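Take a look at the structure set out below.
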Amino acid sequence: DGDLKYPPHIPVSFGFDTACKTYAALVGNVAVDALSAQKYYHLVRVMGRSASNIALEVALLTRPNACLLGEEIANDRKTLRDLTMNLADMIVERSRLGKNYGVVIVPEGLIE
């Protein structure tokens, strides 16, 4: 979570890049599994308590079906019901297209 940082002239934290690449590889594998089975939705929880930076970066790298971002949810004042309905609507729409599977990224801070 950014505890160690490179010198000031390198604009990345020590663990951010490694965490994102590791999660991206894992989410990519989960996405392949979801496509192979074509019958499950996988929720992948990633690091990020107060910020959803890792979730966003992993989503940009892997293109999941949904990525929940704590900052957006707080800013839009979404409730658990809103999130549930949004995900359900996405699942129903994908089902209409014959895609009964997918991947959703959730930052751990959203669950707390």
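Note that the structure is a prediction, hence the values are computed from the model and not measured. Heavy atoms only: backbone and side chains are in, while hydrogens, waters and symmetry mates are out.
- A search for salt bridge (charged side-chain N to carboxylate O under 4.0 Å, His left out) contacts involving Arg96 returns Glu93, not counting sequence neighbours.
- Applying the side chain to side chain donor-acceptor pair (under 3.5 Å) test to Asp33 and every residue at least two apart in sequence or in another chain returns nothing.
- By the side-chain contact (heavy atoms from CB on, under 4.5 Å) test, Ser95 is found to be paired with Asn100, residues two or more places apart in sequence or in another chain being considered.
- Leu110 and Leu56 fall into different hydrophobic clusters, where Ile, Leu, Val, Met, Phe, Trp and Tyr are joined by side-chain heavy atoms under 4.5 Å apart, directly or via other members.
- Lys78 is linked by a salt bridge (charged side-chain N to carboxylate O under 4.0 Å, His left out) to nothing, counting only residues two or more places apart in sequence or in another chain.
- A distance-only check finds no donor-acceptor pair linking the side chain of Asn29 to the backbone of Leu26 [under 3.5 Å].
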Val104 and Val44: side-chain contact (heavy atoms from CB on, under 4.5 Å), yes or no, with the steps? CA-CA 6 Å; Val104 178; Val44 180; over 6 Å; no
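- If you take NZ on Lys99 and OH on Tyr41, they are separated by 9.5 Å, rounding to the nearest 0.5 Å.
- Considering OG1 of Thr22 and CE of Met47, their distance stands at 9.0 Å, rounded to 0.5 Å.
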side-chain hydrogen bond (donor to acceptor under 3.5 Å, both in side chains) for Tyr23 and Arg45? Distances and angles first, verdict last. CA-CA 10 Å; Tyr23 277 124; Arg45 184 179 73 176; over 6 Å; no
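- Taking hydrophobic clusters as Ile, Leu, Val, Met, Phe, Trp and Tyr residues chained together by side-chain heavy-atom distances below 4.5 Å, Tyr40 does not share a cluster with Leu43.
- Considering only heavy atoms from C-beta on, Lys21 stays 4.5 Å or farther from Phe16 through its side chain.
- Met85 has its side chain out of reach of Asp82: every pair of non-hydrogen atoms, C-beta onward, lies at least 4.5 Å apart.
- With a 4.5 Å cut-off between side-chain heavy atoms of Ile, Leu, Val, Met, Phe, Trp and Tyr, the cluster of Leu35 takes in Tyr101.
- Looking only at side-chain heavy atoms (C-beta outward), Ile105 and Val27 come within less than 4.5 Å of each other.
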Donor-acceptor pairs are to be reported for all side-chain atoms of residues 60-74 against protein atoms at under 3.5 Å, with residues two or more places apart or in another chain.
{"unit_1": "Thr62", "atom_1": "OG1", "unit_2": "Val58", "atom_2": "O", "d": "2.7"}
{"unit_1": "Asn65", "atom_1": "OD1", "unit_2": "Val103", "atom_2": "N", "d": "2.8"}
{"unit_1": "Glu71", "atom_1": "OE1", "unit_2": "Ser52", "atom_2": "N", "d": "3.4"}
{"unit_1": "Glu71", "atom_1": "OE1", "unit_2": "Ser52", "atom_2": "OG", "d": "2.9"}
{"unit_1": "Glu71", "atom_1": "OE2", "unit_2": "Ser52", "atom_2": "N", "d": "2.8"}

